[in-house]
Number of protein chains: 2
Amino acid sequence: MTSTQRTHADQLAEPWSGVPEWLRVRGLRWTPQRRLLIEVLSGIDGHVTGADLVERCRMLDPETTPSTVYRTLDVLEEIGLVQHGHGADGREEYHVLPAVEHGHLYCGNCGAVEEISEGEVAAVVELFDSRHAFAVDGSHITIVGRCGSCLSASRA
Amino acid sequence: MTSTQRTHADQLAEPWSGVPEWLRVRGLRWTPQRRLLIEVLSGIDGHVTGADLVERCRMLDPETTPSTVYRTLDVLEEIGLVQHGHGADGREEYHVLPAVEHGHLYCGNCGAVEEISEGEVAAVVELFDSRHAFAVDGSHITIVGRCGSCLSASRA
DNA sequence: ATTAATGCAAACGGTTTGCACTACT
DNA sequence: AGTAGTGCAAACCGTTTGCATTAAT
């Protein structure tokens, strides 16, 4: 059997299943460390900081090295599975699966993050597209303010 | 003359003119270093990074020390003349005179920053206020995307 | 056998801190 | 004189880099 076989150890959740193949096609390699990071990423919805990813990886494998994580994130960004940008708290932040247009409402008081619907993202995109000839990156929208519970807490 | 005299050396542009007084009232001090920073800040419209402020101060006085700048920024934040938060590029950023509602369109490609009108800020604030019970901080809005010139450049 | 990827350790940039000294009041 | 503010230098944190080693192909 010289055909490309896939063992069950390579089974990954949907958007990630093509990664090993994508890598091998261009002579890159599918390593345990990369597999670990993918595993962590697949459990994340929306966004994470780099430091957070390092920490989560270390929870599964204490041997994890920051440089390896960041380097792998670079290649994943090339594939388009993550996209790094600014975070509401200032640090580098990775958006997982940026293909899905979404945004966040970040509470500057308690740090809570709320998702913005696609429709609302579209409204923002359109607002600035028409008036400024500015193409809003729908996957990067972060609005800072006070969340509902902090508002009512401060009223109490 | 025991009265509180102000020499012309203390004349500052409007929003900043009360700073020396504010400081002295609570036993804090009005120093050349603080005056320098105020001078730099008064020439800034909208926002700056801490590192940028350090650099600008050094242009006027090469002796400027980062720690002094940051410590003074803390004091000014207490007065409410600046407000620090996230920057579109990830670093700590200071909003000057945050009382004025405004926002920025940040080009992720070339780094250009365009101002958002008050009306547009209001539109965004309202959008999320009504649907999420989320009080948008109008002085913190930053939208990331591609500016007009980068768009036409990539089409060329 | 190749050569990509790893782990280490050191370097980085922006910001913060401890401490002895300076200078505003 | 008293004490807030300064400058220095070192520490900090998250991220990046160089390089020799390991391991996927």
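Just so it is clear: chains get the letters A, B, ... in the order the sequence lines come, proteins before strands, and each one is counted from 1.
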(request) Between A:Thr65 and A:Gly27, just flag the one whose closest nucleotide in DNA chain C comes earlier from the 5' side. (result) A:Gly27

Within the structure, does a side-chain N or O atom of [X] lie under 4.0 Å from either OP1 or OP2 of [N]?
X       : N      : answer
B:Thr31 : C:dC24 : no
A:Gln33 : D:dA23 : no
A:Ser67 : C:dT6  : no
B:Thr72 : D:dG5  : no
B:Arg71 : C:dT16 : no
B:Arg29 : C:dA23 : no

(request) Could you state the atom-to-atom distance from CZ of B:Arg35 to P of C:dT25 in whole Å? (result)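 For the pair B:Arg35 CZ and C:dT25 P, the rounded distance is 12 Å.
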
(message) To check you understand the geometry: which heavy-atom pair defines the closest contact between A:Glu120 and B:Leu127, and what is its length?
(response)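 Shortest heavy-atom contact: O-CD2, 4.0 Å.
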
(message) Of the listed nucleotides (D:dG7, D:dG5, C:dG7), which one gets closest to any side-chain atom of A:Thr68?
(response)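 So the nucleotide nearest the side chain must be C:dG7.
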
(message) Let's see if you can work this out: which of D:dC8, C:dA5, D:dT6 has an atom nearest to the side-chain heavy atoms of B:Arg34?
(response) D:dT6

(request) Take atom CG of A:Asp45 as the centre, draw a 6.0 Å sphere, and report whether it contains more than 12 heavy atoms from other residues, nucleotides or ligands. (result) no

(message) So for atom CD, which belongs to A:Glu55, do other residues, nucleotides or ligands contribute more than 12 heavy atoms lying within a distance under 6.0 Å?
(response)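 Check fails, neighbour count at 12 or below.
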
(request) Is it possible for you to check whether B:Arg26 lies under 6.0 Å from the centre of the six-membered ring of B:Trp22, through NZ or CZ, and within 45° of that ring's axis? (result)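 That pair qualifies as a cation-pi contact.
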
(request) Please tell me which of A:Asp74 and B:Leu23 maps to the more 5' nucleotide of DNA chain D, matching each residue to the nucleotide holding its nearest heavy atom. (result) B:Leu23

